[in-house]
Amino acid sequence: MSVSQVRIALRNCGVINPENIKDYIARGGYDAMAKCLFAMSQDEVIDIIKKSGLRGRGGAGFPTGIKWETARRAQSDVKYVLCNADEGDPGAFMDRSVLEGDPHAVLEAMAICGYAIGAREGVIYVRAEYPLAVKRLQIAIEQATELGLFGENILGSGFSFTMRLYFGAGAFVCGEETSLMNSVQGGRGEPRLKPPFPANVGLWNKPTNINNVETYANVPTIIRNGADWYRGFGTEKSPGTKVFAVVGKVNKVGLVEVPMGTTLRDIIEGIAGGIPNGKRFKAAQTGGPSGGCIPAEHLDTPIDYESLIALGSMMGSGGMIVMDEDDCMVGIAKFYLTFTAEESCGKCTPCRVGNMRLLETLTRITDGHGVEEDLTSLENLGATIKDTALCGLGQSSPNPILSTLHYFKDEYLAHVREHRCPAGTCQKLVRYRITDKCVGCTVCARNCPVSCISGDRKQKHSIDQSRCIKCGVCFSKCRFGAIVKG
Amino acid sequence: MKLSSWEALKQYREDTKDEVSLLNPESTKIILAVGEATCGIAAGSKKIAAVLQEESKKMGLDNVEIIPTGCYGCCYAEPMVEVRIPGQAPVHYGYVNEEAAKKIIAEHIVKGIIVDKNVLRVEVTST
Amino acid sequence: MTAKADACECPPTEEVGSYPEIDAFCDTLPSYDGALIPVMHKAQEEYGWLSRDVLLYISRKLGVPASKVYGVATFYSLFNLEPKGKFKINVCLGTACYVRGAENVLAAFEQELGIKNGEMTGDGLFNLGSIRCVGACGLAPVVMVNDRVFGNVKPEDAKSIIDEYLGEGGEAV
């Protein structure tokens, strides 16, 4: 029995033609904006968003209504509405899907926000790596402007709002709001200390509301159906739904939108169809490079912002990478640290130097030169970086290590004590051996790129370990399952 | 054309309801919605849209409209096609290769026989 | 409005070429505030990469110190400060692809082409690089060659993918 998805952010994705505004309008599009302009005061709009309990879908889960209210209270003649469409988590692509499938929902929400906080200009910061999303946004802005849904005196209400696109250039840290604003201003995307928060001092030092794509995509539906309706989904502290990109070792890779509080098991074994090839589930990684790995014993935890943090992970933007018994948890931690070490902007020392040291230690372990003390130093250094880094990137970058150390310590111990990789993926620790199942067909010997397999025809072969480069060709070529690794 | 009031927006919605690609019980138009988000295109959906176009032309179907749509979330089953025939429940097809695309036209659209092999069942509560 | 280049009193010491495409693009901008990154995007689209000469030109055009232009250009991974090959092979190293063996695919391309990740072949035909998540996770592991996406790539496919373009390159060159 599989759980039903509930589509709010994705309600139009795969349903409407995103390049035709008439489709969006037919689904009730721009009614929420009109309702705000003609039937609600600015404070009433903010009130609905606050009461709905909508929280930022980009990572930390900050209450959206409070952000809007702060920006509304800020005194300034010029304010901005910013959309973070710099989706950088590897393995997460819900924002791209929303922009490609339902661009108007995001635009409408930004105009609503503009009305609520008193801004006249919206800026969408979108990854240049998403050419189709960019194209569809451009078409959407053009069509809506032509109908007078953006621009001067929208629908005769007296409210004016314009929309502008701005392209990122490939820097993960620009997902951090202050970095993103530096980037829009044409500089290096480096973060700064908060406070002051963007709601008071934002783009060009003006009060700015910044939310991500999925957060905005919820807004028009909330305005149309009301806060109580929205609270009918999800949990007390995390109302509504969340989109997850379920990828990796599952049968049905894709996007799912479920009410908050759905369990990992319902998502992975239910909607995503379980693990392929009869393999065993090992862990689900959530929150991208800022998150952690959740083991099988917590599959039944209802997921929301708080429960994921309690498990040592986080919601992040909603990437969910499913791993099976063939994935090495030390290797996964190293994969993420390689990412953060590369993407660290270099402004603060804990992140710039600390992550590099973490990566070096992990590399030593996966190369077979690790010692048990390394595990303590990973823990200590990781905790220090979390406490001292400047922005969210550094403050969360040790999570992949700390969570795997917590749940999969035995794997780390096997690496440092026995110099063995239980999953058999750490190249330098892998040993291929030929067992008695060998019938002497010579296929492995003929395919070995360094000719280190010897043996007579119809006799058991053997591998010269000193010359083996561990490429795995023999393992994949053997038709008799006679070669084992580990 | 600029809409000058909320009323004008509502009127516009009413006036254009025959031009939209959603399932419309009052229309005779059959809509084939092809998933053309990045994942769909990478899996070959543009080619599939072309095949659908060509096949419906061959069959002399002039009430079939092929439209691009976004991602329905089933990346594993791309390319995807949704068939919307007025008066019937929409049908989602997955793993649509050229052969399946031809079958969708010849079997489902022309004869009304659903191509079971490619039907996807996704439980979704829409809002 | 940012000050124009001539506000700086240091005499320009290095002659730079002329880039009418950049001039034309700058003319469309309402203000040079925050224009640096869009201008660099445009320049790269026109010339394929950002040479020292182009960066200096942009610096003088916008009145932004060359050090800042260089700082921004090196900060973002999309800006190329070296010429790129005709065929850009990019192996996706996003998490979904990684979990499904993208590292081995990258290694296979490195071996076939005889270059490392980030390098260009001597004949200028191929560039090998890695990218992060093109959002085609359902087809992991994924390799992009220019704008074309290859899905479910196995290490042993590297040779045939390269061969396909080798044929094309041979005809075109």
Side-chain angles (χ1 to χ4, degrees), chain A residues 2-8 10-20 22-23 25-31 34-35 37-39 93 96-102 130-133 136 146-149 151 153 155-157 221 225 243 245 247 250-257 271-273, chain B residues 1-24 27 31-43 45-46 65-78 80-82 84 90 92 94-95 120-127:
Chain A
S2 91
V3 194
S4 180
Q5 300 189 45
V6 177
R7 298 216 166 151
I8 297 175
L10 296 179
R11 66 187 289 272
N12 288 328
C13 286
V15 176
I16 64 166
N17 176 352
E19 298 182 11
N20 182 358
K22 291 166 189 160
D23 274 17
I25 290 178
R27 296 268 291 166
Y30 289 104
D31 258 356
K35 185 177 169 188
L37 296 183
F38 294 104
F93 53 95
R96 182 188 55 90
S97 270
V98 170
L99 296 175
E100 289 178 357
D102 193 16
Y130 284 175
L132 186 63
R136 293 201 170 143
E146 206 165 288
L147 283 179
L149 296 165
N153 190 16
L155 294 175
S157 66
T221 319
N225 297 340
V243 184
V247 301
V250 285
N251 280 311
K252 298 179 177 178
V253 170
L255 288 182
V256 303
E257 182 170 0
I271 299 169
Chain B
M1 180 192 65
K2 296 234 190 262
L3 304 173
S4 55
S5 65
W6 192 0
E7 276 312 309
L9 171 65
K10 289 175 183 163
Q11 190 59 48
Y12 182 80
R13 180 175 297 128
E14 187 60 28
D15 292 345
T16 56
K17 73 171 195 280
D18 292 333
E19 295 167 48
V20 301
S21 38
L22 306 169
L23 188 58
N24 179 356
S27 158
I31 306 281
L32 302 180
V34 182
E36 286 186 20
T38 298
C39 45
I41 292 172
S45 64
K46 294 256 184 203
E65 194 179 321
I66 291 145
I67 62 134
T69 182
C71 168
Y72 197 64
C74 307
C75 305
Y76 60 96
E78 294 287 0
M80 280 188 70
V81 175
E82 186 189 338
R84 297 172 186 162
H92 288 278
Y95 309 99
L120 280 188
R121 283 182 186 83
V122 190
E123 276 186 55
V124 171
T125 309
S126 48
T127 56

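Letters A, B, ... mirror the listed sequences (proteins, then strands); counts begin at 1.
- For the options A/Val256, A/Ile16, A/Ile8, heavy-atom pairs under 4.5 Å to chain B are most numerous at A/Ile16.
- A/Arg96 places no side-chain N or O within donor-acceptor distance of the main-chain N or O of B/Ala37, the cut-off being under 3.5 Å.
- Side-chain atoms of B/Thr69 come within 3.5 Å of backbone N or O of A/Val15 as a donor-acceptor pair.
- Using a 4.5 Å cut-off on side-chain heavy atoms (C-beta onward), B/Tyr76 and A/Asn251 make no contact.
- The closest side-chain heavy-atom distance from A/Leu255 to B/Cys71 is below 4.5 Å.
- Listed options B/Gly70, B/Gly40, B/Pro90 were ranked by heavy-atom pairs under 4.5 angstrom with chain A; first place goes to B/Gly70.
- Ranked by heavy-atom pairs under 4.5 Å with chain B, the list A/Asp31, A/Asn225, A/Leu99, A/Asn12 is led by A/Asp31.
- Counted by atom type alone, B/Thr38 and A/Glu100 present one or more donor-acceptor pairs between their side chains at under 3.5 Å.
- Here the closest non-hydrogen pair linking B/Arg13 and A/Gly29 is NH2-O, 3.0 Å.
- Proximity to chain B is limited to the side chain of A/Phe38, based on heavy atoms less than 4.5 angstrom apart.
- Annotation: the span from B/Met1 atom CE to A/Leu147 atom CG amounts to 5.5 Å, rounded to 0.5 Å.
- Between B/Val122 and A/Gln5, the closest side-chain pair of non-hydrogen atoms falls below 4.5 Å.
- The CG atom of A/Leu132 sits 10.0 Å away from atom SG of B/Cys39, with the distance rounded to the nearest 0.5 Å.
- The structure places CG of A/Asn20 at 8.5 Å from CD1 of B/Ile67, a figure rounded to the nearest 0.5 Å.
- Because its NZ or CZ atom is both nearer than 6.0 Å to the ring centre of B/Tyr72 and within 45° of the ring axis, A/Arg7 counts as a cation-pi partner of that residue.
- When side chains are defined from C-beta on, B/Trp6 does not count as touching A/Leu37, because their heavy atoms never get closer than 4.5 Å.
- Annotation: the span from B/Glu19 atom CD to A/Ile25 atom CD1 amounts to 11.0 Å, rounded to 0.5 Å.
- Panel note: side chain A/Asp23, backbone B/Ser21; a donor-acceptor pair is recorded below 3.5 Å.
- Here the CZ-SG distance, from A/Phe93 to B/Cys75, works out to 3.5 Å after rounding to the nearest 0.5 Å.
- Once rounded to the nearest 0.5 Å, the distance linking CD of B/Glu36 with CD of A/Glu19 reads 8.0 Å.
- For A/Val6, the parts lying near chain B are the backbone and the side chain together; criterion is any non-hydrogen pair under 4.5 Å.
- For B/Leu23, no part lies under 4.5 angstrom from a heavy atom of chain A.
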